[in-house]
Amino acid sequence: MKKGFVAAALVAMGMSSVPARAETPDEEATAELAVVHDDAKFVGEAAKSNLWSVRSARLAVLLARNAKVEALALQEIAEHVQVTEGIEALAGKLGVPMPTQFDPVIGGLFRRLASLRGNRFDRVYLHTVIEAHRFDVEILSQALASQDADVKAFAEKNLPVLRGHLEAAQEILRTLPSE
């Protein structure tokens, strides 16, 4: 059940749009050259993922059983609010609408997360943080190739923050008791 939730969250958050890695170095080099960074698409995807991060972290502050999970959620809120400001500035510049609500699939995933309690909530929340931040790190890494100085600066500034969240969630998950 948990794996299904995480897999559905990945698809719904746009993970399927992340390019697959090639099998050989030559194929990888060719694939890298073929990827054209789309700033507007990046901002839209980053905005949707950031909305998930902020709202799920707020939920975790209310429902987390483990103090480390709650502390991570508080850190996520504080730092993703700053990320939101950067995304809003880029969205305004590029004419990309900011999401204010989840699409129906993500809304369903959020309601499912909200229905969990105890260690189960903590574990599923951490899995969503890990998968969302893997996606975020991937798209921000790609944004480093942007020709737009503001997009590139946003990626450079926020990549370390998101990597930190990813690493913290992975570490906390390793220490949680099993269900």
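We find the CD-CD distance between E167 and Q170 to be 7.0 Å, quoted to the nearest 0.5 Å. From R123, atom CZ reaches atom CG of L176 across 5.5 Å, with rounding to the nearest 0.5 Å. With rounding to the nearest 0.5 Å, the separation of CD in E45 from CG in N50 is 12.5 Å. In this structure, CG on L113 lies 6.5 Å from OG on S56, to the nearest 0.5 angstrom. Atom-to-atom distance recorded for R134:CZ and R163:CZ is 13.5 Å, nearest 0.5 angstrom. One distance of note links CD of Q82 with CD1 of I87; it measures 12.0 Å at 0.5 Å rounding.
Two residues are said to be in side-chain contact when any heavy atoms from C-beta on lie closer than 4.5 Å; L90 and V96 fail this criterion. Proximity of V43 to F154: side-chain heavy atoms (C-beta onward) are nowhere separated by under 4.5 Å. Using a 4.5 Å cut-off on side-chain heavy atoms (C-beta onward), D148 and K93 make contact. When side chains are defined from C-beta on, I172 counts as touching V69, because their heavy atoms get closer than 4.5 Å. R58 has its side chain out of reach of L62: every pair of non-hydrogen atoms, C-beta onward, lies at least 4.5 Å apart. In this structure the side chain of K41 never reaches within 4.5 angstrom of the side chain of Q142, judged on heavy atoms. When side chains are defined from C-beta on, E76 does not count as touching V54, because their heavy atoms never get closer than 4.5 Å. Counting heavy atoms from C-beta on, the side chains of F42 and L140 come closer than 4.5 Å.
The main-chain N or O of G108 is never found under 3.5 Å from a side-chain atom of R112 such that the two would form a donor-acceptor pair. Side-chain N or O atoms of S49 include none that pairs as donor or acceptor with a backbone N or O of A46 at under 3.5 Å.
With respect to L72, the side-chain contact (heavy atoms from CB on, under 4.5 Å) criterion is satisfied by exactly one of I77, L126, N66: L126.
The two residues V129 and A169 make their nearest non-hydrogen contact at CG1-CB, 3.6 Å. The heavy-atom pair separating A73 from V61 by the smallest distance is CB-CG2, 3.8 Å. Nearest heavy atoms, A47 versus M98: CB-SD, 3.9 Å. Between F110 and R55, the closest heavy-atom pair is CE1-O, 3.6 Å. Closest approach of R65 to D122, counting heavy atoms only: N-OD1, 3.0 Å.
In terms of hydrophobic clustering, with Ile, Leu, Val, Met, Phe, Trp and Tyr side chains grouped at heavy-atom distances under 4.5 Å, L74 and I130 are assigned to different clusters. Placement of Y125 and L59 within a single hydrophobic cluster is found when ILVMFWY residues are connected by side-chain heavy-atom separations under 4.5 Å, directly or transitively. In this structure, I139 is not a member of the same hydrophobic cluster as V161, with clusters built from ILVMFWY side-chain heavy atoms closer than 4.5 Å. Linking Ile, Leu, Val, Met, Phe, Trp and Tyr residues whenever their side-chain heavy atoms come within less than 4.5 Å places L144 and L94 in a single cluster.
Below 30°, between 30° and 60°, or above 60°: for F102 and W52 the angle between ring planes is between 30° and 60°, a tilted geometry. Below 30°, between 30° and 60°, or above 60°: for H165 and H80 the angle between ring planes is between 30° and 60°, a tilted geometry.
Ion pair D103/K48 not flagged as a salt bridge, since none of the NZ, NE, NH1 or NH2 atoms sits closer than 4.0 Å to an Asp/Glu carboxylate oxygen.
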